[in-house]
Amino acid sequence: MKPGNSLMKHYLQFKDLRAEEYAYLFDRTRIIKTRFKNYEKYQPLADRTLAMIFEKASTRTRVSFEAGMYQMGGSVVHLTTGDSQLGRAEPVEDSARVISRMVDLVMIRTYEQTKIERFAAHSRVPVINGLTNEFHPCQILADIFTFIEHRGSIQGKTVAWVGDGNNMANTWLQAADILGFTLHVSTPSGFELDPALAGVADPTCLKVFKSPFAACEGAHLVTTDVWTSMGYEAENEARMKAFADWCVDTQMMSLAQKDALFMHCLPAHRGEEVAAEVIDGPQSVVWDEAENRLHVQKALMEYLLLGRIG
Ligand code: CP
Ligand code: NVA
């Protein structure tokens, strides 16, 4: 997509795309994944460059975007706060103007959502959210693709979120609203999610439970995340105490549907937010979930740069 094209889209939140765009992306992901598994070369992004800006640590996001871009024929530039002028107070707006004149696509992992929004507002090229304090849309894209691969459509299903009302929880809530499933949420008090932040159109997609056991009842998918997200390390000790009863264990899983899946965006802490028997057990699909970051993001980059194929 040429700079300045009025059809240019950013992917800053899950709600930036519509249900029918997700249906298209999941179809494309299936095709791109199958080709890749068959060792078929597919390089529609030859000569295109992705800038990846990391202001927080990453394993999966870095590897999946970098490998994905190379596999599609493009290249990447990796920047961190410490090794660029971003760490020396160059305004975000100036960085956006400069970087987006040199590359075709930008992925950013940072703290406040407002920072990525300011960058996008001054960017000539699409910007992708690689995680902020508020949202992690690429992860939920992979999670829902993984659910569909294992169980078919997520529409009408129930997803149980156990733990912190964090960036993952906010993004699950946006996804529930857009894709038509129900989100059961149980968090310790003081760590609730804020539906106003997610900005959902249909509040009935959210059901809040005091007890994590009650939240898991009847769920088709149980999912959780670290108790302390990046940027909140100072609260770690207090969180360890507050979250002690929000560990997804076999008893919680037994209340969900018999064939319920377990997901975790990773990295995980066995014995804290999830018991080892659950994450390493037969209902867990966490490795598929991690792998699918690669495939969904290749479909996303193709869509943002080239629009619909065929
Ligand atoms: N799930 C996820 O985004 O992992 P990383 O922090 O390793 O990128
Ligand atoms: N909620 C976690 C997700 C890590 C991928 C964090 O923001 O640190």
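Atoms within each ligand, like the ligands themselves, are counted from 1 in listed order. Computed from a predicted structure; not experimentally measured.
- Side-chain contact check for W161 and S186: no donor-acceptor pair (N or O, by modelled atom type) lies under 3.5 Å.
- Looking only at heavy atoms of the protein, atom 7 (O) of ligand 2 is closest to N167 ND2, 2.8 Å.
- Less than 4.0 angstrom separates some heavy atom of N166 from each of these atoms of ligand 2: 1 (N).
- Proximity of D164 to ligand 2, defined as any heavy-atom pair under 4.0 Å, is not found for any part of the residue.
- Shortest contact from atom 4 (C) of ligand 2 to any protein heavy atom: L131 CD1, 3.8 Å.
- Under 4.0 Å is where a charged nitrogen must lie from a carboxylate oxygen, and between E149 and K33 at least one such pair does.
- In terms of heavy atoms, H10 sits closest to A120 at NE2-O, 3.4 Å.
- For ligand 2, the atoms sitting less than 4.0 Å from at least one non-hydrogen atom of D225 are 1 (N), 2 (C), 3 (C), numbered in the order shown with element in parentheses.
- Residues K115 and E112 are not paired through a salt bridge, judged by the lack of any N-O separation under 4.0 Å between the basic side chain and the carboxylate.
- Residue contacts with ligand 2 include L266, since one of its heavy atoms falls under 4.0 Å from the ligand.
- Salt-bridge formation is detected for the pair E291/K37: a Lys NZ or Arg NE/NH1/NH2 atom is positioned less than 4.0 Å from an Asp or Glu carboxylate oxygen.
- Protein residues having at least one heavy atom under 4.0 Å from any atom of ligand 1 are S58, T59, R60, T61, R109, H136, Q139, C265, L266, R293, listed by chain and number.
- A side chain to side chain donor-acceptor pair (under 3.5 Å) check over residues 171-181, counting only residues at least two apart or in different chains, returns the pairs Q13-Q174.
- Taking the side chain as every heavy atom from C-beta outward, L179 and Y22 approach each other to under 4.5 Å.
- Between S229 and ligand 2, an N or O atom pair is found at a separation short of 3.5 Å.
- Counted by atom type alone, T228 and N236 present one or more donor-acceptor pairs between their side chains at under 3.5 Å.
- T146 and D143 share no side-chain donor-acceptor pair at under 3.5 Å.
- For the residue pair D288 and H150, a side-chain donor N or O sits within less than 3.5 Å of a side-chain acceptor on the partner.
- Checking only distances, R109 never comes within under 3.5 Å of ligand 2, N or O to N or O.
- For ligand 2, the atoms sitting less than 4.0 Å from at least one non-hydrogen atom of M230 are 6 (C), 7 (O), 8 (O), numbered in the order shown with element in parentheses.
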